[in-house]
Amino acid sequence: MESHDGEWSLNELQKLEGHTDRVWSVAWNPATGVAGVPPMLASCSGDKTVRVWEQNPSSSSWFCKAVLEETHTRTVRSCCWSPSGKLLATGSFDATTAIWENVGGDFECVSTLEGHENEVKSVCWNASGSLLATCGRDRSVWIWEVLPGNEFECASVLQGHTQDVKMVQWHPTMDILFSCSYDNTIKIWVEDGDDDWHCVQTLSEANGGHTSTVWALSFNPAGDKMVSCSDDLTIKIWGTDSRKMMSGDGYVPWNHLCTLSGYHDRTIFSVHWSREGIIASGAADDAFRFFIENKDGSVDGPSYRMILRNEKAHDMDVNSVRWSPGENRFLASASDDGTVKIWELVPVI
């Protein structure tokens with residue numbers, strides 16, 4: 001591993017083993033890792049299970065707290081905790097989304113959402129936990145309203161992508177939904193009144209977008225910048241006018257700010273923006289890259305530099321990288337090699 005500017009190093013804390021097939025996705029519980037609550041994360045796999053991991057406060061080592069199984073009948077592709085940390089949504093190739101509730105440390109499947117024609121690829125809660133978005137190979141994006149008693153009602157089915165939808169992601173502060181697809185685009189969806197959602201912008205090659213499948217996207221903490229990654233081997237940074245956006249005067253468009261290329265030589269599957277402004281990427285070259293914005297204020301707009309690389313983070317493709325929400329600078333990663341790894345990014349003194 002090579003450090004740039006002597007600023008950071010990445011320490012592997014633990015390899016979490018137990019899944020018997022590739023691990024597709026990891027998700028940190030947002031209500032953990034703060035105020036003495038031990039950090040918890042979920043991982044989901046081609047072995048049809050979800051594992052919940054927790055850090056032991058006394059030993060600092062991680063252990064498997066629960067295995068959620070015998071619910072999905074095919075690969076579990078995506079997992080996401082509700083903002084309260086009480087519910088976990090899991091999306092599967094069996095065309096269903098399961099909702100699990102943490103009841104005193106035991107996880108129970110309390111609801112199963114059906115509607116997609118085939119594989120569900122991604123699930124995501126909005127900032128308030130009142131809406132859940134799902135997407136899949138059937139090219140559709142579904143928005144579900146969360147009702148009392150763990151009931152879920154389909155509020156809208158969004159058609160617009162022409163291929164498999166790889167990921168859905170809500171804006172961190174507003175009920176604006178972003179989806180990215182095998183059709184090379186990112187679509188942005190808003191509601192105009194009575195559960196009527198529609199696409200207000202498409203980020204495509206024509207406006208500085210990707211030239212191949214868009215696999216993932218993530219927002220900076222302020223919500224005025226977005227990062228996306230693609231099969232075209234690039235990472236793109238997008239921006240919007242945050243002042244106008246917060247004023248509520250209608251939709252404010254997103255614009256391409258810059259492209260990072262030449263850092264991975266195979267498909268980039270995952271990007272995640274930390275609360276401190278560090279972008280992590282993971283790719284089919286088994287590697288991580290880390291980037292921060294240059295502070296020199298270029299006249300051409302923002303630019304980013306790589307601060308760290310890890311060439312052999314896993315033995316096979318890196319499918320997911322996620323920064324922890326808590327007080328520690330933890331990164332979790334998931335791979336085709338069947339493992340989850342916990343890392344810590346530390347400043348080099």
Student: Between Thr202 and Lys187, is a side chain to side chain donor-acceptor pair (under 3.5 Å) present by the stated rule, with each step listed?
Tutor: CA-CA 5 Å; Thr202 300; Lys187 286 187 177 288; 2.9 Å; yes
Student: Side chains of Asn56 and Ser60: do they bring a donor and an acceptor to under 3.5 Å?
Tutor: no
Student: Judged by modelled atom types alone, do His19 and Asp47 share a side-chain donor-acceptor pair under 3.5 Å?
Tutor: yes
Student: Starting at SG of Cys135, measure out to NZ of Lys166 and round the result to the nearest 0.5 Å.
Tutor: 9.5 Å
Student: If I take atom CH2 from residue Trp53 and atom CG from residue Leu16, how far apart are they, to the nearest 0.5 angstrom?
Tutor: 5.0 Å
Student: Where is the tightest heavy-atom contact between Gly223 and Pro172, given as atom of each residue plus distance?
Tutor: CA-CG, 3.8 Å
Student: When the ring planes of Phe219 and Trp254 are compared, do they come out parallel, tilted or perpendicular, using 30° and 60° as the limits?
Tutor: perpendicular
Student: When you measure from the side chain of Arg305 to the backbone of Asn294, do you find a donor-acceptor pair of N or O atoms at a distance under 3.5 Å?
Tutor: no
Student: Ignoring hydrogens and geometry beyond distance, is a side-chain donor-acceptor pair present between Trp24 and Ser45 at under 3.5 Å?
Tutor: no
Student: Distance only, no hydrogens: is a donor on one side chain within 3.5 Å (strictly under) of an acceptor on the other, for Trp142 and Ser156?
Tutor: no
Student: Are Arg309 and Glu311 ion-paired here, with the side-chain N under 4.0 Å from a carboxylate O?
Tutor: yes
Student: Please find the pair of heavy atoms, one from Cys180 and one from Ile186, that lie closest to each other, and give the distance.
Tutor: CB-CG1, 4.0 Å
Student: Of the non-hydrogen atoms in Pro30 and Pro83, which two are nearest, and what is the gap between them?
Tutor: CG-O, 3.5 Å
Student: Quick check: are there more than 12 heavy atoms from other residues, nucleotides or ligands sitting under 6.0 Å from CD of Glu70?
Tutor: no
Student: Strictly by modelled atom types, are Asp138 and Asn118 linked by a side-chain donor-acceptor pair under 3.5 Å?
Tutor: no
Student: Do any N or O atoms from the side chain of Thr75 and from the backbone of Arg77 form a donor-acceptor pair under 3.5 angstrom?
Tutor: no
Student: Is there a donor-acceptor contact under 3.5 Å linking the side chains of Ser111 and Asn150?
Tutor: no
Student: Identify the two heavy atoms, one from Thr49 and one from Glu69, that lie closest to each other, and give their separation to 0.1 Å.
Tutor: CG2-CB, 3.8 Å
Student: Any salt bridge linking Arg329 with Glu344? Criterion: basic side-chain nitrogen under 4.0 Å from a carboxylate oxygen.
Tutor: no
Student: In plain terms, say whether Arg74 and Asp94 are close enough for a salt bridge, that is, a side-chain N and a carboxylate O under 4.0 Å apart.
Tutor: no
Student: Keeping Glu12 on the side-chain end and Trp343 on the backbone end, is there a donor-acceptor pair under 3.5 Å?
Tutor: no
Student: Could you give me the CA-CA distance, side-chain angles and deciding distance for Thr259 and Ser261, then say whether side chain to side chain donor-acceptor pair (under 3.5 Å) is met?
Tutor: CA-CA 6 Å; Thr259 298; Ser261 56; over 6 Å; no
Student: In Å and rounded to the nearest 0.5 Å, what is the CD to NZ distance from Glu54 to Lys65?
Tutor: 4.0 Å
Student: For Thr240, does its backbone N or O pair with a side-chain atom of Asp224 as donor and acceptor, under 3.5 Å?
Tutor: no
Student: How many angstroms lie between CD1 in Ile268 and CD1 in Ile235, if you round to the nearest 0.5 Å?
Tutor: 4.5 Å
Student: Which is it for Trp100 and Thr90 under the side chain to side chain contact (heavy atoms under 4.5 Å, CB included) test, yes or no, and what are the steps along the way?
Tutor: CA-CA 8 Å; Trp100 307 80; Thr90 57; 3.0 Å; yes
Student: Is it true that a side-chain atom of Ser122 and a backbone atom of Val168 form a donor plus acceptor pair closer than 3.5 Å?
Tutor: yes
Student: Evaluate the criterion side chain to side chain contact (heavy atoms under 4.5 Å, CB included) for residue pair Tyr251 and Ile188; output intermediate values, then yes/no.
Tutor: CA-CA 10 Å; Tyr251 176 73; Ile188 306 170; 3.2 Å; yes
Student: Return yes when atom NZ of Lys341 has more than 12 non-hydrogen atoms of other residues, nucleotides or ligands closer than 6.0 Å, and no otherwise.
Tutor: yes
Student: Taking the side chain from Ser335 and the backbone from Asp317, do they hold a donor-acceptor pair closer than 3.5 Å?
Tutor: yes
Student: Is there a donor-acceptor contact under 3.5 Å from the side chain of Arg266 to the main chain of Asp285?
Tutor: no
Student: Check whether Thr112 reaches the backbone of Ala98 with its side chain - one donor and one acceptor, N or O, closer than 3.5 Å.
Tutor: no
Student: Picking from Phe288, Trp28, Phe290, what satisfies ring pair (Phe, Tyr, Trp, His ring centres under 6.0 Å) with Trp323?
Tutor: Phe290
Student: List the steps and the verdict of side chain to side chain contact (heavy atoms under 4.5 Å, CB included) for Ile307 and Ile278.
Tutor: CA-CA 9 Å; Ile307 58 166; Ile278 301 170; 4.2 Å; yes
Student: For Leu131 and Trp144: C-alpha separation, side-chain torsions, deciding distance, then whether side chain to side chain contact (heavy atoms under 4.5 Å, CB included) applies.
Tutor: CA-CA 6 Å; Leu131 298 171; Trp144 307 82; over 6 Å; no
Student: Spell out, as yes or no, whether a donor-acceptor pair under 3.5 Å connects the side chain of Thr134 to the backbone of Val123.
Tutor: no
Student: Does any pair with a residue in residues 180-214 pass ring-ring contact (aromatic ring centres under 6.0 Å, His included), and if so which ones, sequence neighbours excluded?
Tutor: Trp170-Trp197
Student: Do you see a donor-acceptor pair shorter than 3.5 Å between the side chains of His272 and Ser270?
Tutor: no
Student: Just how far is it from atom CD of Glu145 to atom CG of Asn126, taken to the nearest 0.5 Å?
Tutor: 10.5 Å
Student: On a heavy-atom basis, which atom in Asp241 and which in Arg243 lie closest, and how many Å separate them?
Tutor: OD1-N, 3.1 Å
Student: Looking at Ser25 and Ser78, would you say the former's side chain and the latter's main chain have a donor-acceptor pair under 3.5 Å?
Tutor: no
Student: Specify the closest pair of heavy atoms between Ser333 and His314, including all atoms of both residues, with the distance to one decimal.
Tutor: OG-NE2, 2.7 Å
Student: Please name all residues satisfying side-chain contact (heavy atoms from CB on, under 4.5 Å) with Thr267, sequence neighbours left out, ordered by chain then number.
Tutor: Trp215, Asp231, Phe269, Ala284
Student: Do Lys121 and Asp164 sit within salt-bridge range, that is, some charged N less than 4.0 Å from a carboxylate O?
Tutor: yes
